[in-house]
Amino acid sequence: MYGYLTQIFQDALAAIGAEDAHLVFESPKVESHGDAATNVAMTLSKKLGKPPRTIAESIIAALNYDTTLVYAVEIAGPGFINIRLSARYFTNGLQGLLDEGAAYGANTSGAGKRANVEYVSANPTGPLHPGHARNTMLGDCIANLYRWSGYGVTREYYFNNAGNQMNNLARSIHARYRQLLGEKDYPFDEENGYKGAYIFTIAEELVKSAGDSLKEPTDENLSVCRKKGEEWCFASILNTLARLNVKHDVFFNEHSLYADGKITETVGLLRDKGLVYEQDGATYIRTSELGLEKDRVIIKSTGEPTYRLPDMAYHAIKCQRGDDIIVDIFGSDHAEVSKEVVAGVKALGYDTTKIHIILHQMVRFVKDGAEYKLSKRNGEQYTLDDLMDDVGVDVVRYFYSMRSADTQLVFDINLAQEQSDKNPVFYLQYAHARCANLFAKAQEKGVTIETYTSLDLLIHPAETALIKTLLKFPLVVQRATQNLEPHTIADYLRDVAAALHVFYHECRILDAEPLLMNARFALTRATQTVLKNGLAILGVNAPDKM
RNA sequence: GCGCCCGUAGCUCAGUUGGAUAGAGCAACAGCCUUCUAAGCUGUGGGUCACAGGUUCAAGUCCUGUCGGGCGUGCCA
């Protein structure tokens, strides 16, 4: 939107010998401040040793612009330069929007580059619960943003089907299996075991397929339980993700790191750097020498690595792949670990500046005004599937995408369940459906709109306000990508919907004069396009009817 | 104790990388449907931006401290 302005201002700045100035435009909150404003004169004050307003005057004097696009340029306040654009500037932009259509909002800043986004990465020890959705949505939307910025994107899922957690799963299943065979008092590890009802489901399937042949808790039988559990849980997770319309390109099994010797290799490399020592039978990494709080165990005295070590080996592999950007999504409980992993990978000599770690705060659930616990004492648990059943996929996707990652978000189950105007996602979808409905109505009446010819007629305040909002979309996408903040898309789309509703309310479309009707349909199509494209980034449907 | 994240309207949250008069939704109140979808629009009330200092032309935003919350501080992940 500020492309032309940037160009003419850069020329003017060069003319006064300040070509390296930091030039930024913003859209003023107050209408009397014009359509675009820059504080560049104030930022130059110190460097040039002149008062801001004087600098602003010389910039304006050096400014050459097309008067059919720029209506007025003036100095205001302490030294702001306010620019008022002419209607033509906006209608040109609107025409560009219509020409780009489904691609409007995309940019090519990532052309030829590759981004790897790792998210979800839940181990196959149970169904996904609503807390997992935050990680999932952040990752999925960020991956979408990279795609809109022209990157080649790989969506990756890292999982571990070995180790302690899986052993617990196997023992839990086996205990439930024995209980189902009639031994009601067969001991279940209440402290470490998985208490969910799904464990009974898995055990029941084992009873059906294997009878009582797995009765003894031998390594062999437990391994059958583990395998069955893994398959069941993974199927459950993939099914949930499919409902959410989340699809990964790569599933990376932690176990492969052992098979390929990457674990031993990584320890060896760290040892060569003098970063490894033994104590009390365990192997430590000197993270305290890498700027962190203390040293950490990477191999337990039992000989098993802790989660840090495979994570380091995994990230080393990710760094070797040649992606330009590597994104990891973690809950804030992984904050310390992620620092350790990055420090370790950096110590191995990799460029860790391309690793971006998104830490998100936890989600609290509220129902009927009180804290809602996802897992009950009796082993029953509220899953992400349950949540989708209760509120719908679009609501889930939107609610988890609408907040910044660093807020401790409160998920109000009642509000999400509300199929009414209280629910913010419907506000956006309704706006899109309204646009679609206008075209449907036009078709009914036999009105055909093939080309848009008279955009200059769009001069109603509600129309220009809407156009201005629509033209910000590419900038919003760019910023959201750069900052890895998908929630700004959700915020922006609310503005678009609000502007559309005002336009719809104040301007008749179908019964306007033919030329004006044509122009208003152009604006309607443009709005529909932005809503659809924006919702696509969030992965939320844009229905034609509601 | 220490580290990280946070504290903005009654509630849930934005806040354009330090800009002009701090915004939105919900909740409350008052209006608008014989007219393209009222899941909409318009208006009103609601704030010591946790608190105290500091940095500068300018601070919700940056720095320091205090208070309050979350998460870490495992040879769990």
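Convention: sequence-line order gives letters A, B, ...; per-chain numbering from 1. All values reported here derive from a predicted model rather than from experimental measurement.
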**Q.** For A:Arg434, side-chain hydrogen bond (donor to acceptor under 3.5 Å, both in side chains) partners two or more places apart
**A.** A:His501
Q) For every nucleotide of nucleotides 71-77 of chain B, 5' to 3': is a protein heavy atom under 4.0 Å from its base (B), only from its sugar-phosphate (S), or from neither (-)? A) SSSSBSB
Q.
Main chain of A:Lys294, side chain of A:Thr287: is a donor-acceptor contact present, judged purely on distance under 3.5 Å?
A. yes
Q | Along RNA chain B (nearest heavy atom to each residue), the more 5'-positioned of A:Arg434 and A:Gln482 | A | A:Gln482
**Q.** Polar side-chain atom of A:Arg397 near backbone of A:Leu538 as donor-acceptor pair, under 3.5 Å
**A.** yes
(Q) With a cut-off of less than 4.0 Å, is there a side-chain N or O of A:Lys472 near OP1 or OP2 of B:U16? (A) no
Q. Of A:Arg508 and A:Ser27, whose nearest nucleotide on RNA chain B comes first from the 5' end?
A. A:Ser27
(Q) What is the distance, to the nearest angstrom, from the CD1 atom on A:Ile489 to the P atom on B:G15? (A) 12 Å
(Q) Name the residue from A:Leu309, A:Ile285, A:Leu275 that meets the side chain to side chain contact (heavy atoms under 4.5 Å, CB included) definition with A:Val267. (A) A:Leu309
Q | Closest listed nucleotide, where the reference is the side chain of A:Lys339 and the choices are B:G19, B:A39, B:C4 | A | B:C4
(Q) Less than 4.5 Å apart, side chain to side chain, heavy atoms only: is that true for A:Val540 and A:Gln429? (A) yes
Q) Taking the P atom of each, how far is B:U42 from B:C26, in whole Å? A) 12 Å
Q) So, A:Thr125 and A:Asn123: side-chain donor and acceptor under 3.5 Å apart, yes or no? A) no
Q: Mind checking A:Tyr427 for me? I need base, sugar-phosphate or nothing, with any heavy atom below 4.0 Å counting as a touch.
A: sugar-phosphate
